[in-house]
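Worksheet: one structure, shown below.
Both backbone and side-chain heavy atoms feed into the values below; hydrogens, waters and symmetry mates do not.
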Amino acid sequence: MVQAKTWNLKQHFEGFPKNSDFELRQVQLPEPQNGEVLLEAVFLSVDPYMRPYSRVQMKPGDVMIGAQVAKVIQSKNPAFPVGCHVVGQCGWRTHTISDGTGLTRIIAAWPQDVPLSLALGGLGMPGLTALYGLEEVLTIKPGETVLVNAAAGAVGTVVGQIAKLKGCKVVGSVGSDAKVSYLKELGFDHVFNYKTVSSLEEALKKASPDGYDCYFENVGGDFFSAALPQMKMFGRIAVCGGISQYNDKEPQTGPYPHMSMIFKQLKMEGFLVRRWENKNEESLIRMLTWVKQGKLKCKEHVTTGFENMPAAFMGMLQGDNTGKAVIKV
């Protein structure tokens with residue numbers, strides 16, 4: 001018998017999450033049955049999507065949703081031998097009994113000197129989101145100008161680096177001067193702190209007077225309203241997230257995009273990363289090669305201790321992290 005710890009949603013979030021919305025529980029897990037494995041969490045992920053998805057996918061009392069890298073410590077499933085590592089949507093748990101459904105073994109090509117935690121970040125869902133948003137949705141081309149907001153986050157840092165690898169000019173928006181400096185180290189052509197500029201419109205014009213061919217959208221709200229008129233004719237927009245709205249008690253309204261969309265004949269498409277999951281292994285091998293070559297850097301913001309997951313989650317929503325926010329158990 002193994003005693004597992006879980007973080008549960010005590011009540012739905014109203015506005016920004018607070019400590020009292022979470023409850024730490026302990027549960028006794030049974031021995032694995034035939035076809036099952038016992039997993040022990042090694043790294044857990046906190047991501048922006050958990051905030052809006054908690055409302056539609058969860059009810060009070062449920063274990064918080066999320067991915068983790070886990071080690072198989074008992075197995076009665078030959079597909080997952082003891083000692084192997086997997087990525088699974090196990091939620092905020094220290095231990096999990098699984099029949100193998102939804103588990104993905106870390107790819108065999110994973111180098112020993114690359115941290116397994118990157119399977120939750122630059123070499124996992126966020127990195128693949130960046131890759132597919134650029135290649136499949138925006139179909140970026142060399143010489144184009146790409147705008148990305150929330151550019152110091154898990155997705156945004158990878159968006160900028162891949163766009164540079166593809167021969168694009170990259171403009172990023174972030175929320176601190178330290179993040180501005182970091183993205184300049186990564187090779188972004190222009191980065192600005194949206195919290196300190198006097199005008200978003202003027203900052204966007206200064207960064208690219210000719211406008212933007214492609215816009216990787218993670219924020220929504222006022223930023224989107226300011227960026228849309230800066231798009232070039234036939235510009236493309238990939239809508240990945242809208243973090244500026246996740247904690248609103250009342251939905252934001254307008255301005256509305258119709259005139260800019262029509263007059264500039266823009267293409268805008270929302271997407272979820274799982275649309276291209278059939279390409280994941282090939283894509284990860286390609287991205288691992290970039291990491292080994294030093295062309296792709298995957299920064300992490302690591303919090304130690306399972307008991308600190310709610311704090312790490314709330315900190316991530318406030319922009320405390322540069323790169324991927326992960327919890328080391």
Is the backbone N or O of [Y] less than 3.5 Å from a side-chain atom of [X], with the two atoms forming a donor-acceptor pair by type?
{"X": "Lys264", "Y": "Met231", "value": "yes"}
{"X": "Asn149", "Y": "Glu217", "value": "no"}
{"X": "Asn8", "Y": "Lys10", "value": "no"}
{"X": "Asn77", "Y": "Glu36", "value": "no"}
{"X": "Thr129", "Y": "Val273", "value": "no"}
{"X": "Glu282", "Y": "Asn280", "value": "no"}

Cluster check [X], [Y]: I/L/V/M/F/W/Y, side chain < 4.5 angstrom:
{"X": "Leu131", "Y": "Trp110", "value": "yes"}
{"X": "Val69", "Y": "Phe80", "value": "no"}
{"X": "Val155", "Y": "Leu272", "value": "yes"}

Distance, nearest 0.5 Å, that separates [atom1] of [X] from [atom2] of [Y]:
{"X": "His301", "Y": "Ile327", "atom1": "NE2", "atom2": "CD1", "result": "9.0 Å"}
{"X": "Ser173", "Y": "Asn218", "atom1": "OG", "atom2": "CG", "result": "10.0 Å"}
{"X": "Leu39", "Y": "Ser75", "atom1": "CG", "atom2": "OG", "result": "9.0 Å"}
{"X": "Arg236", "Y": "Thr139", "atom1": "CZ", "atom2": "OG1", "result": "4.5 Å"}
{"X": "Glu277", "Y": "Arg275", "atom1": "CD", "atom2": "CZ", "result": "12.0 Å"}
{"X": "Ile65", "Y": "Met50", "atom1": "CD1", "atom2": "CE", "result": "6.5 Å"}

Just wondering, do Met309 and Met64 contact through their side chains at under 4.5 Å, heavy atoms? no
Is Val72 close to Leu103 at the side-chain level, that is, under 4.5 Å between some pair of heavy atoms? no
Residue of the set Val148, Leu138, Val159 for which side chain to side chain contact (heavy atoms under 4.5 Å, CB included) holds with Cys214: Leu138
Is [X] atom [atom1] crowded by more than 12 heavy atoms from other residues, nucleotides or ligands, each under 6.0 Å away?
{"X": "Asp99", "atom1": "CG", "result": "yes"}
{"X": "Lys5", "atom1": "NZ", "result": "no"}
{"X": "Lys295", "atom1": "NZ", "result": "no"}
{"X": "Lys141", "atom1": "NZ", "result": "yes"}
{"X": "Lys18", "atom1": "NZ", "result": "yes"}
{"X": "Lys232", "atom1": "NZ", "result": "yes"}
{"X": "Arg55", "atom1": "CZ", "result": "yes"}

Hydrophobic cluster mates of Met259, side-chain heavy atoms under 4.5 angstrom, ILVMFWY only, any path? Ile262, Phe263
Please find the pair of heavy atoms, one from [X] and one from [Y], that lie closest to each other, and give the distance.
{"X": "Glu144", "Y": "Asp213", "answer": "CA-OD2, 3.3 Å"}
{"X": "Gln68", "Y": "Gly91", "answer": "NE2-O, 3.0 Å"}
{"X": "Pro48", "Y": "Pro52", "answer": "O-CD, 3.2 Å"}
{"X": "His12", "Y": "Pro60", "answer": "NE2-CD, 3.7 Å"}
{"X": "Tyr212", "Y": "Leu204", "answer": "OH-O, 2.7 Å"}
{"X": "Gly133", "Y": "Ala238", "answer": "O-CB, 4.2 Å"}

Is the positively charged end of Lys299 above the ring of Tyr182, judged by distance under 6.0 angstrom from the centroid and angle within 45° of the axis? yes
Met287 vs Leu296, test: side-chain contact (heavy atoms from CB on, under 4.5 Å). Steps then yes/no. CA-CA 8 Å; Met287 295 172 74; Leu296 177 61; 4.2 Å; yes
Between Phe22 and Trp92, is the ring centroid distance below 6.0 Å? yes
Please, which pairs that meet salt bridge (Lys or Arg N to Asp or Glu O under 4.0 Å) have at least one residue in residues 166-178, sequence neighbours excluded? Glu135-Lys166
Students often mix this up, so state it plainly: with edges at 30° and 60°, are the rings of Tyr53 and Tyr49 parallel, tilted or perpendicular? perpendicular
Please tell me whether Lys205 and Ser199 have a donor and an acceptor in their side chains that are separated by less than 3.5 angstrom. no
List the steps, then state whether side-chain hydrogen bond (donor to acceptor under 3.5 Å, both in side chains) holds for Lys324 with Ser45. CA-CA 8 Å; Lys324 180 70 183 78; Ser45 180; 2.8 Å; yes
Charged N-O contact under 4.0 Å between Lys297 and Glu185: no
